[in-house]
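All residue numbers refer to positions in the sequence shown, counting from 1. Scope of the values below: all heavy atoms of this structure, side chains included, with no hydrogens, waters or symmetry mates.
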Amino acid sequence: KHIPLTGKLKGDKLEIIESDSNKLTGYFLAKMKDQDTLEGLWMDSSKLRIIPFKLKYDSWTRGNYREAYYQNNIIGLPEEVENFMREVKTNILNGNKEWIATHTCYPIEVTLGGKKNIKISNKEQLVRYFNEIFYEGFLIQIKNSSTFNLFNNSTGVMLGDGIIYINNTPSSTDKDYSFCIRQINNE
């Protein structure tokens, strides 16, 4: 869910107001620890629930979000890329083996039974090993990952901290493109 934020930065102090449907829902009060780190507290509108947070700048991607956020690494509008990643996440969490198998580019390497770099060569193998690939701890990581403003690099666009990468299918062109899962990092 997209939650609008407004605020101001005064020196090294940041104040942000969070709202949903024009109703105040919370506050962020933070201080810049250094040029890459922001630390502070989030409070609900009653100021009774307080949660500390820390944000650290980790990477930079060029582009205007609405026009070309992912343009250097994947063909497609940001909304298309994020919608596909949302579909990937939803279908994994719902156990839709066939959908995931159909939307994966092969071969793909995964970890099975503690052994890394096991090659999955086709849909049938992915369906067969689906529950081993998407085990409970991995499903929790997927569930807790956002599908908005995703990090991207030459490998593609990633969910979480690189647990799943998507990219265009090999046959994609600038005018006719689609997406697929390119990496599943389920260690």
Please answer: with hydrophobic residues joined when any side-chain heavy atoms are less than 4.5 Å apart, are [X] and [Y] in the same cluster?
| X | Y | result |
| --- | --- | --- |
| Ile140 | Ile163 | no |
| Ile50 | Leu29 | yes |
| Phe28 | Leu41 | no |

Of all heavy-atom pairs between [X] and [Y], which one has the smallest distance, and what is that distance?
| X | Y | answer |
| --- | --- | --- |
| Ser172 | Tyr177 | OG-CA, 3.4 Å |
| Glu80 | Leu77 | OE1-N, 2.8 Å |
| Glu18 | Leu24 | O-CD1, 3.6 Å |
| Ile142 | Ile92 | CD1-CG2, 3.7 Å |

Check: residues 178-185 side-chain donor-acceptor pairs under 3.5 Å, at least two apart:
{"from": "Ser178", "atom 1": "OG", "to": "Thr169", "atom 2": "OG1", "distance (Å)": "3.0"}
{"from": "Arg182", "atom 1": "NH1", "to": "Asn168", "atom 2": "O", "distance (Å)": "2.6"}
{"from": "Gln183", "atom 1": "OE1", "to": "Asn185", "atom 2": "ND2", "distance (Å)": "3.2"}
{"from": "Asn185", "atom 1": "ND2", "to": "Gly162", "atom 2": "O", "distance (Å)": "2.6"}

When you measure from the side chain of [X] to the backbone N and O of [Y], does any donor-acceptor pair fall under 3.5 Å?
| X | Y | result |
| --- | --- | --- |
| Asn94 | Asn96 | no |
| Glu39 | Lys31 | no |
| Asn73 | Val157 | no |
| Ser146 | Phe148 | yes |

Please say whether more than 12 non-hydrogen atoms of neighbouring residues, nucleotides or ligands are located less than 6.0 Å from CG in Asn144.
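Counting other residues, nucleotides and ligands, CG of Asn144 exceeds 12 neighbours.
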
State, with a plain yes or no, whether a side-chain heavy atom of [X] is found less than 4.5 Å away from one of [Y].
| X | Y | value |
| --- | --- | --- |
| Asn83 | Arg86 | yes |
| Leu38 | Leu14 | yes |
| Thr37 | Lys54 | yes |

Side-chain polar contacts of residues 103-116 - donor-acceptor pairs under 3.5 angstrom, sequence neighbours left out - could you list them?
{"from": "His103", "atom 1": "ND1", "to": "Trp99", "atom 2": "O", "distance (Å)": "2.8"}
{"from": "Thr104", "atom 1": "OG1", "to": "Ile100", "atom 2": "O", "distance (Å)": "2.7"}
{"from": "Tyr106", "atom 1": "OH", "to": "Ala101", "atom 2": "O", "distance (Å)": "2.7"}

Donor-acceptor pairs are to be reported for all side-chain atoms of residues 120-139 against protein atoms at under 3.5 Å, with residues two or more places apart or in another chain.
{"from": "Asn122", "atom 1": "OD1", "to": "Glu124", "atom 2": "N", "distance (Å)": "3.2"}
{"from": "Asn122", "atom 1": "OD1", "to": "Gln125", "atom 2": "N", "distance (Å)": "2.9"}
{"from": "Gln125", "atom 1": "OE1", "to": "Ser121", "atom 2": "N", "distance (Å)": "2.5"}
{"from": "Tyr135", "atom 1": "OH", "to": "Asn186", "atom 2": "O", "distance (Å)": "3.1"}
{"from": "Tyr135", "atom 1": "OH", "to": "Glu187", "atom 2": "O", "distance (Å)": "3.1"}

First locate atom OG1 of Thr147, then atom CD1 of Ile166, and finally report the distance between them rounded to the nearest 0.5 Å.
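Separation between the atoms: 10.0 Å.
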
Look up atom OG in Ser145 and atom CE in Met85, then write down how far apart they are to the nearest 0.5 Å.
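These two atoms lie 9.0 Å from each other.
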
